[in-house]
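The structure appears below as structure tokens.
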Amino acid sequence: MEKGNEKYNKVLNLLRKSTPLLNSTGDIENEVLIRIKKINQSGVNLSEVIDFLFGWVYIGWVRRSLIAAAMALVVIFVYQQGVILKRIEVLSRQTIIINNGNAASSSDEIDKFLTQFRNSGHRFPSMNITISESQMKELQESFKEMQIKYKDLENIIEGDPDLKKLIEKKLIENNRTKINL
């Protein structure tokens, strides 16, 4: 083992004594100075910024997952628009009836509704309920009968002041101004 150490020491001494021959020391000095200046410059290069921001583009699974998320958002948007359009269609089929408190003038409205009922194929516009024309006429007759009874009831209440005071008192107790029928 001592022979190996001796050989090692001889080679090491020989390498220490030999000096390298440098022909172009000026070029090496210039290269070292340029590299030192680049390290000292703290400016950000545009290509480095672009690589930092869009480096994820080169990662396949990130790109595919973002495409899948975008497609999911488009599908959700299309579904939402479909639901909105269906609701608007249902709303456009509905008839709005506004009464001013008295139901006396609604026989014309019932006639309009009956006409619409006949034109729509014996279906209510907002629901899928089918009724016959005789049932509709029966409903119209019972409604007219109810209007007559309501008018008679109003006349009886107006004719008896004690009854009118009692009803007004009950309405005030219940915080109402009109009777809900």
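Residue numbers run from 1 in the order of the sequence given.
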To the nearest 0.5 Å, how far apart are CD1 in I156 and NZ in K164?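 With rounding to 0.5 Å, CD1 (I156) is 14.5 Å from NZ (K164).
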CG-CD1 distance between L33 and I28, expressed to the nearest 0.5 angstrom:
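CD1 of I28 is found 12.0 Å from CG of L33.
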With a cut-off of 3.5 Å and sequence neighbours excluded, list every side-chain donor-acceptor pair involving residues 59-71.
residue	atom	partner	partner atom	Å
R63	NH1	V57	O	2.7
S65	OG	W61	O	3.1
S65	OG	V62	O	2.9

Check the hydrophobic clustering (I, L, V, M, F, W, Y; side-chain heavy atoms under 4.5 Å; chains of links allowed) and say if [X] and [Y] are grouped together.
{"X": "L171", "Y": "I157", "answer": "yes"}
{"X": "L153", "Y": "I148", "answer": "no"}
{"X": "L46", "Y": "L53", "answer": "yes"}
{"X": "W56", "Y": "I50", "answer": "yes"}

E141: partners by side chain to side chain donor-acceptor pair (under 3.5 Å), with sequence neighbours left out: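 With neighbours one apart ignored, the set is empty.
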request  = Identify, with sequence neighbours excluded, every residue that meets side chain to side chain donor-acceptor pair (under 3.5 Å) alongside S47.
outcome  =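 With sequence neighbours excluded, S47 shows a side chain to side chain donor-acceptor pair (under 3.5 Å) to N45, given in chain and number order.
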* With sequence neighbours excluded, what pairs up with E31 under the salt bridge (charged side-chain N to carboxylate O under 4.0 Å, His left out) test? ->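 Partners of E31 under the salt bridge (charged side-chain N to carboxylate O under 4.0 Å, His left out) test: R35.
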Result block: side-chain N/O donor-acceptor pairs under 3.5 angstrom for residues 73-84, not counting sequence neighbours:
none

(Q) Tell me every residue that passes side-chain contact (heavy atoms from CB on, under 4.5 Å) with V11, counting only those two or more places apart in sequence or in another chain. (A)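 Listed in chain order: L15.
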Notebook entry, point to check: Which atom names give the shortest non-hydrogen contact between P161 and G159, and what distance separates them?
Noted result: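 Looking at all heavy atoms of both residues, the shortest contact is CD-O, 3.4 Å.
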